[in-house]
Amino acid sequence: MDYRAQVTNSIMNALNDELSSAVIYEKLERPKDLSMGDLAFPTFVLAKSMHMAPNKIAEDLVNKIDATNYEKVEVKGAYINFFLNKPNFGRDVLTTIIAEGAAYGQNDNGKGGNVPIDMSSPNIAKPMSMGHLRSTVIGNSIAKILTKNGYNPIKDNHLGDWGTQFGKLIVGYKKWGSEEEVRENPIDNLVKYYVRFHKEDQENPELDDEARDWFRKLEDGDEEATYLWKWFREESLKEFNSVYKKLGVGFDTYNGEAFYNDKMDKGINILKEKDLLHESQGASVVDLEKYGLNPALILKSDGATLYITRDIATALYRDKTYNPALNLYVVGSEQTYYFEQLKAVLKEMGVKSAENLHHIPFGLITVNGKKLSTRSGRIILLDEVLDAAIELAGKQINEKNPDLANKDEIARQVGVGAIIFGDLKNERTNNIDFVLEDQLRFEGETGPYVQYSHARAESILRKANNTNYNNSDMLINDANAWETLRILHDFPKVIQSACKDFEPSEIAKYSIRLAKAFNKYYAHSKILVEDQELPARLALVKSVSIVLKEALSLLGVEAPDEM
RNA sequence: GUUACAGUAGCUCAGCUGGAUAGAGCAACGGUCUUCUAAACCGUAGGUCGAGAGUUCGAAUCUCUCCUGUAACACCA
């Protein structure tokens, strides 16, 4: 039921066509305070045309409004405040949620359209750091939100498994490495070679030439180079997958950069056919002046490809394979300019999905204000952070709920939940200066707080003798429950908005609002009391449980029934 | 230097397309477990919304200028 439309109608009927219903609908606002009602109409807009003071307009108008469907309609200053009929509203909301269950809030706006999501994308032979967490977790959540909105997301782990760094890696491995070392501890040792390479090439710049040679060999299909590349890739993936498992994230495809290695000619040919490629200082560029952008470098002066060459191939492939409704790239905000260039180049090429290409940027993670970088050794290992969180969650369980069954698994859900939720709670684009203690908080507005609220709801349902709320009249006469009911009603709207903005934080904030309202209700009203309203109250608790669990699920966070 | 993004309580952040006395969470101080999980709830304290102009009935929110911070800016990704 659209209560905003109902209020709009009430106002329309009291007016003489001074405003269109669309304007009224849009002008209606939600008062901050419950004491000011549920929806409010500010009369300022009418002041000019009616030549009256807003306060006077409000007083006149309220007398013409038919208030029978409301608890009451009141004037306060220039505002007309509508108080909805709480029992009816509550019954509507609860009936809907109980009937729809986890599907509550689902819509079909996406009409099944394919949405490839470029996400996670760790680099082979480098450890996954907190930066990759962001792309992984944001992409994963957006995929779930898209599904809830009727799209068909395709999570693509666009592995960084190609590029000049492999030349460097091979040089490093051959000079200072050994097979045993890599077998024993792949990523640690590969990183060691890589870091050493960067240290030594400052003294011996000819190392860079060697690295370039090796990368050329790799591109040309040289046997040794290819063998090493494959091996490094395989070992790295093993480690990545254990982290993904811990996080509970999966992918539909792992089409890394190498996958597109033999698919780049097509893009280059289109560029040539359309005469978009120009030579500049020995390299090939596309001029983007009409977009207000610098030229995009497509081929290096030695003819080697670049990131963008592969991204063009990727776009062509996705265009052909998926005919995407949306084309998403969850990549750090430092690449915003690059994606503007990519989009412009694709537009010039006439690639269809360029129009629907969205870079979904997220803020940088720093330590003491400094950027992370593998080669300098300034890095936060994702796996270590997750383990620290899981360990702490385990400790908390031993203190608070020592008899809990399945402790390890729940510690994982809570610890990982804290990290994921912490990442998704705030606007994507905020930068984060990493402090471990900040990540390991389980109180206040955190993932565990929301999980705990859900577990409390489930606990009540377990203790209830019968949960036969299906036959309930769903009528609750309790002011303490009102805020919770209102928030439950908002869920479908929040799902749409989060999808439109590609913003998981909207879901996270919503889940906190709901958890907070429910905890308040829980603290002020006794639920398990044998009276007439018990079934309705249980329906409310069940609804809270359903929606909290679903909200967390949209974030990629699990909701244990006990913790 | 150019461009982009940011500047709100001690700290971390919310404040939707401008609207009613600027909100949370941490941290501080105080209160609430013989009764549904205290990872909770309730209260106290804490702010010239970076500065200044402008638009408007009305600005943390829109426009401009300035200050500060971060990032990007051709052979990395």
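The chains referred to below are lettered A, B, ... by the order of the sequence lines, with proteins before strands, and numbering in each begins at 1.
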Would you say [X] places a side-chain N or O within less than 4.0 Å of OP1 or OP2 belonging to [N]?
X: A:Tyr449; N: B:C41; answer: yes
X: A:Ser459; N: B:U37; answer: yes
X: A:Lys371; N: B:A72; answer: yes
X: A:Lys509; N: B:G15; answer: yes
X: A:Lys300; N: B:C76; answer: yes

Legend entry - Pair assignment for B:C41, Watson-Crick or G-U wobble, requiring both distances under 3.5 Å: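 When the pairing criteria are applied, B:G31 turns out to be the nucleotide that pairs with B:C41.
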Length of the [atom1]-[atom2] vector between [X] and [N], whole Å:
X: A:Phe44; N: B:G18; atom1: CZ; atom2: P; result: 14 Å
X: A:Leu297; N: B:A77; atom1: CG; atom2: C1'; result: 13 Å
X: A:Glu443; N: B:A28; atom1: CD; atom2: C1'; result: 15 Å

Legend entry - N-glycosidic conformation, B:C41 - syn within 90 degrees of 0, else anti: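 It is anti.
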Cationic N near anionic O, under 4.0 Å, [X] to [Y]:
X: A:Arg513; Y: A:Glu483; value: no
X: A:Asp531; Y: A:Arg537; value: yes
X: A:Arg134; Y: A:Asp423; value: yes

Inset, instruction - Identify whether any heavy atom of A:Ala455 sits under 4.0 Å from a base atom; if not, whether one sits that close to sugar-phosphate; answer base, sugar-phosphate or nothing. - result: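 Base: the residue A:Ala455, judged by heavy atoms under 4.0 Å, touches a nucleobase.
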Inset, instruction - Specify whether A:His358 and A:Phe502 have parallel, tilted or perpendicular ring planes, treating 30° as the upper limit for parallel and 60° as the lower limit for perpendicular. - result: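 Correct class here is tilted.
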